2 protein chains.
Amino acid sequence: MATLKDVAALAGVSVKTVSNVVNGYAFVKPENRRRVEEALTATGYRPHLGARNLRRGRTGFLALVLPELVVPYFAELAGLVLGAAQEHEWNVLIEQTLGTREGERDTLASLGPHMIDGAIVSPEALQAGDFGELAPGIPVVMLGEHSVDLPIDHVGIDNVEAARVAVAHLVGLGRTRIAAIGAHPHRGTAAQRLEGYRRALAEAGLPVREELVATAVNYHRRDGAEAMSRLLAAVEPPDAVFCFNDLLAVGAVRAAAERGARVPDDVAVVGFDNTEEGGYSLPSLTTVAPDKAAIARAAVDLLRRRVDDPGRPPEHVRTPFSLVVRESTRG
Amino acid sequence: MATLKDVAALAGVSVKTVSNVVNGYAFVKPENRRRVEEALTATGYRPHLGARNLRRGRTGFLALVLPELVVPYFAELAGLVLGAAQEHEWNVLIEQTLGTREGERDTLASLGPHMIDGAIVSPEALQAGDFGELAPGIPVVMLGEHSVDLPIDHVGIDNVEAARVAVAHLVGLGRTRIAAIGAHPHRGTAAQRLEGYRRALAEAGLPVREELVATAVNYHRRDGAEAMSRLLAAVEPPDAVFCFNDLLAVGAVRAAAERGARVPDDVAVVGFDNTEEGGYSLPSLTTVAPDKAAIARAAVDLLRRRVDDPGRPPEHVRTPFSLVVRESTRG
DNA sequence: CGATCGCTTTACAACGTTGTACCAACGATG
DNA sequence: CATCGTTGGTACAACGTTGTAAAGCGATCG
């Protein structure tokens, strides 16, 4: 592989001059610049990023830390982050934590301070305080949970409001026994969506029945199906369900079908995330649609600014969302 | 951040001795080893991978090049590759090509020879000859398409046989007008699955009707839906459809429902890939289930061996598959 | 008792790049 | 004509790591 040395030899100039041309330094004699550029293409020179990193202290890598790629929301998000990062000439290192707190710890620790310029983290189990100790000095942008008290950059939608809108939609259909699937003791987003759920019920003058709030350990299809089965087996089953993500909703729809409950006639279902899958399921899912592209873009932009100026005050970016109404809540 | 120098100073030994301890060199006096290890933990030393790369010539990175993360099959595969790579102490760099030949070219070219130890590529549009020129000297393992003539390591299932089995299953249900969705002029896997389709029909003494072979530009849900709509609009619609991946099948099922065709009563549907989504769709999908974990493991193993010994003859690994029969073909 | 051997450690150089310091040529200025 | 600033170029060191060569040190052998 061609190095600066090779190119310099071919062009008849010093190594540094070639480096200057490569880096767009202004004061290079046109004649020399031409010669160097020729030599550059002739040798097919590619800078050695490891060496550059060693010298400059920047790696050109960004870590995207998320629970699981098999969860469509994260897969879609990852794709968008990849695209956004490319525009900043960043390469993306995707790390799966598998949703465990340990996984999130290990990942951040193992990446070390040298390998990445910064990280975009979608925390699931990670607690607030963990960040300071785990990623000392690593610029981090958090996704999802909105904890204003943390001195960390953050991007996300207003989860409380989004959940409220979703449940208000169910209320608007005339449903009164509205269940929630996805409560979780240690997840920030779960708490916020639950809060929005409560708020919508309160606004409608409906009571919050604890037996209609189903927890979900993970947010997979299986968990949604199990929760829905439990709910439908009750003496007074719900006439609507708000699921904290689309996967839960897909599982819930499936479980409803298996138990002979019609969606939306007997149970209306609302999901969250607007994954493509929800648009094709039978019935198609009404869902909260966060602007994922905006999230990805904002996260990368924020990280860029943080890297360029580590001292700046942390910023909280709220990205827009909308409610997409489809068959699962349309008589 | 602590460097070897810092650790050495603290332990009162030379830098190299610390390096030796870090790298597990056998001949270090126990006393010194102890002191170094203490200093190591005291300083929280983490090797600088860029520097190590520069020195060793290995980066510790592996590129996973695939069309799109939003396609569940690739998301699942990516997750598994991430896991398998971890066991080899490899970090994974995921690159999306978006299925275009240009994307695949650019990706391989931009990664350059320095950034990665090797690449696992799931080609979609890339032509056979492209590899030699694009990735000169980069160890590559190909996934999916099985082109024995290429001097490149390769992992995949027997696509022809898998397709044959899938279609034979439909034949076994007594279906006679069996359609195929997913034909594509430039995709190796498409050609092979089509071949398996033809073979199964031939074995059953059924004619191959060209009007029952639907092409799909991409392999997304939308394409499956469009193809299914076209097929069902025909004078003599099919009574079964073999889709070249699960996404196409999901789209096909949706289109069938929209046109009032019952699955499987009116049209039986078989997918390919055994994505989790297919197991929860209504009806759940009968599908060809490649052993994705085996594919991921084999690919990483193969790459490891190729990296360690660039001269070895290329190997073609066939991973197992099975047919998972579910509601979409069960009366 | 000197030579030899195995273990242990170290100094040094090098990987490819870029920042710093410095030098040289040049035209313009006083 | 001496001085100065601008422009263009180079040599050198350093980023953190590890391979190489070599040296120090006991112990063992002839």
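Throughout, a chain's letter reflects where its sequence line sits, starting with A, and its residues are numbered from 1. All of these numbers come straight from a predicted model, not from anything done at the bench.
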Could you tell me whether the phosphate oxygens of D:dG16, OP1 or OP2, come under 4.0 Å of any side-chain nitrogen or oxygen in B:Thr3?
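So the side-chain polar atoms of B:Thr3 never come under 4.0 Å of the phosphate oxygens OP1 or OP2 of D:dG16.
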
With respect to the phosphate group of D:dT17, does any side-chain polar atom (N or O) of B:Ser19 fall under 4.0 Å of OP1 or OP2?
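B:Ser19 to D:dT17 OP1/OP2: no side-chain N or O under 4.0 Å.
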
Do the numbers put B:Arg304 on top of the ring of B:Trp90, so that NZ or CZ is under 6.0 Å from the six-membered ring centre and no more than 45° off the axis?
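Satisfied, under 6.0 Å and within 45°.
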
Cation over ring face, A:Arg187 and A:Tyr219, 6.0 Å, 45°
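Yes, cation above the ring, under 6.0 Å and within 45°.
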
Once salt bridge (charged side-chain N to carboxylate O under 4.0 Å, His left out) is applied, do any residues pair with B:Glu315, and if so which ones, sequence neighbours excluded?
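With neighbours one apart ignored, the set is B:Arg305, B:Arg312.
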
Contacts of A:Arg297 that satisfy salt bridge (charged side-chain N to carboxylate O under 4.0 Å, His left out) - sequence neighbours left out
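Expected list: none.
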
Mind listing the closest non-hydrogen atom pair of B:Ala42 and B:Leu10 along with its distance?
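Heavy atoms of B:Ala42 and B:Leu10 come nearest at CB-CD2, 4.2 Å.
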
Determine the minimum heavy-atom distance between A:Leu80 and A:Ala293, stating which atoms define it.
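So the minimum-distance heavy-atom pair works out to CD1-N, 3.6 Å.
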
[X] and [Y]: side chain donor to acceptor below 3.5 Å:
X        : Y        : answer
B:Asp153 : B:His316 : no
B:Glu276 : A:His220 : no
A:His114 : A:Asn53  : no

Rounded distance in Å - [atom1] ([X]) to [atom2] ([N]):
X        : N      : atom1 : atom2 : result
A:Leu4   : C:dC15 : CG    : C1'   : 13 Å
A:Met115 : D:dT17 : CE    : P     : 14 Å
A:Asp6   : C:dC15 : CG    : C1'   : 13 Å
B:Asn23  : D:dG19 : CG    : P     : 7 Å
A:Met1   : C:dG16 : CE    : C1'   : 14 Å

Non-hydrogen side-chain atoms of B:Leu49 and B:Phe61 separated by less than 4.5 Å
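B:Leu49 vs B:Phe61: side chains apart.
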
Is there side-chain contact between B:Gln96 and B:Phe74, with heavy atoms separated by less than 4.5 Å?
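Not in contact.
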
Evaluate side chain to side chain contact (heavy atoms under 4.5 Å, CB included) for A:Leu62 paired with A:Leu93, printing each intermediate quantity in order.
CA-CA 6 Å; A:Leu62 162 173; A:Leu93 215 49; over 6 Å; no

Please produce a list of atom pairs where a protein N or O lies less than 3.5 Å from an N or O of nucleotides 6-12 of chain C.
residue, atom, partner, partner atom, Å
C:dT9, OP1, B:Asn32, ND2, 2.0
C:dT9, OP2, B:Lys29, N, 3.0
C:dT10, OP1, B:Ser14, N, 3.4
C:dT10, OP2, B:Ser14, N, 2.9
C:dT10, OP2, B:Ser14, OG, 2.8
C:dT10, OP2, B:Thr17, OG1, 2.5

Between B:Asp117 and B:Arg56, is the closest basic N to carboxylate O distance under 4.0 Å?
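Salt bridge: no.
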
Please list, by residue number, the residues of residues 53-61 of chain A whose heavy atoms come closer than 4.0 Å to an atom of DNA chain D; answer none if no residue qualifies.
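Those residues whose heavy atoms fall under 4.0 Å from DNA chain D, taken from residues 53-61 of chain A in numerical order, are A:Leu54, A:Arg55.
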
Between the first and last five pairs of the helix from C:dC1-D:dG30 to C:dG30-D:dC1, the angle of the axes, rounded to 10 degrees
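End-to-end axis angle for the helix from C:dC1-D:dG30 to C:dG30-D:dC1: 70°, rounded to 10°.
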
Write out a two-atom table: protein N or O, nucleotide N or O from nucleotides 23-25 of chain D, distance below 3.5 Å.
none

